[in-house]
Amino acid sequence: MLYAGVLEIEPERSRLGVTVSRRIGNAVIRNRVKRRVREIFRGRIRDSLAKGTSLVVIARAGAGGLATASITDELVAGARNLSARISAKGA
């Protein structure tokens with residue numbers, strides 16, 4: 001699940017929040033999911049977001065078994081969709 005919003009507090013910076021519950025798996029799997037999401041955000045998503053956008057990712061069941069390419073595809077598509085909706089709402 002992916003949520004996004006615009007920050008008025010720090011308008012020059014984009015941020016990421018990641019939540020992975022115990023339902024996803026043990027600590028190793030949860031941390032792996034968080035590391036993958038953070039790396040995808042740094043490498044593929046941050047530059048495409050408008051300044052001041054805050055993105056929250058909530059991992060759902062099955063996220064621990066996904067390949068990095070699948071996670072990348074889903075996050076990039078979701079971020080693109082949310083970014084377009086935020087831009088349309090602000091215009």
Side-chain angles (χ1 to χ4, degrees):
M1 190 167 286
L2 196 61
Y3 295 101
V6 178
L7 298 172
E8 280 93 29
I9 297 171
E10 295 184 57
E12 69 282 346
R13 192 176 128 178
S14 295
R15 299 189 322 175
L16 172 70
V18 182
T19 302
V20 183
S21 73
R22 287 185 179 176
R23 292 182 186 178
I24 303 301
N26 62 20
V28 173
I29 293 171
R30 292 193 311 266
N31 288 328
R32 184 179 303 138
V33 170
K34 288 188 276 189
R35 281 194 310 270
R36 288 177 177 175
V37 169
R38 284 193 301 262
E39 187 58 33
I40 293 164
F41 178 77
R42 280 187 216 112
R44 301 277 310 268
I45 297 174
R46 182 187 294 168
D47 294 336
S48 65
L49 291 176
K51 298 278 186 194
T53 302
S54 180
L55 194 66
V56 178
V57 177
I58 301 173
R60 293 293 180 203
L66 290 176
T68 303
S70 298
I71 296 172
T72 301
D73 293 342
E74 289 188 29
L75 286 177
V76 169
R80 187 179 311 123
N81 183 14
L82 286 174
S83 182
R85 290 175 63 188
I86 289 173
S87 296
K89 190 176 185 181

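Proximity of a side-chain donor or acceptor of Ser70 to a complementary backbone N or O of Leu66 within less than 3.5 Å is not detected. Judged by distance alone, with hydrogens and angles left aside, the side-chain atoms of Asn81 form no donor-acceptor pair with the main-chain N or O of Ala77 at under 3.5 Å.
Distance check: Glu74 CD to Met1 CE gives 12.5 Å after rounding to the nearest 0.5 Å. The distance from the CG atom of Leu55 to the CZ atom of Arg15 is 11.5 Å, given to the nearest 0.5 Å. Residue Thr53 holds its OG1 atom at 12.0 Å from CG of Leu16, rounded to the nearest 0.5 Å.
Across Ile24 and Arg30, no two heavy atoms sit closer than the pair CB-CG, 4.4 Å. Ser48 and Ser83 make their closest contact through O-OG, 4.1 Å (heavy atoms, listed as atom of the first residue, atom of the second, distance). Residue Ser14 comes nearest to Ala50 through the heavy atom pair OG-O, 3.3 Å, listed as atom of the first residue, atom of the second, then distance. Residue Gly64 comes nearest to Ile29 through the heavy atom pair CA-CG2, 3.6 Å, listed as atom of the first residue, atom of the second, then distance. Of all heavy-atom pairs between Leu2 and Gly78, the closest is CD2-C, 3.3 Å. Pairing each heavy atom of Ala59 with each of Val33, the nearest pair is CB-CG1, 4.2 Å.
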Apply side chain to side chain contact (heavy atoms under 4.5 Å, CB included) to Ile58 and Tyr3, showing your working. CA-CA 8 Å; Ile58 301 173; Tyr3 295 101; 3.6 Å; yes
Verdict with supporting geometry, Leu49 and Asp47, side chain to side chain contact (heavy atoms under 4.5 Å, CB included): CA-CA 6 Å; Leu49 291 176; Asp47 294 336; over 6 Å; no
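Side chains of Val76 and Phe41 form no contact here, defined as non-hydrogen atoms less than 4.5 Å apart. Side-chain contact check for Thr19 versus Val57: every heavy-atom pair is 4.5 Å or farther apart.
Hydrophobic clustering (side-chain heavy atoms under 4.5 Å, transitive across Ile, Leu, Val, Met, Phe, Trp, Tyr) keeps Val56 apart from Leu75.
Taking the charged nitrogens against the carboxylate oxygens, Arg36 and Glu39 have no contact shorter than 4.0 Å, which rules out a salt bridge.
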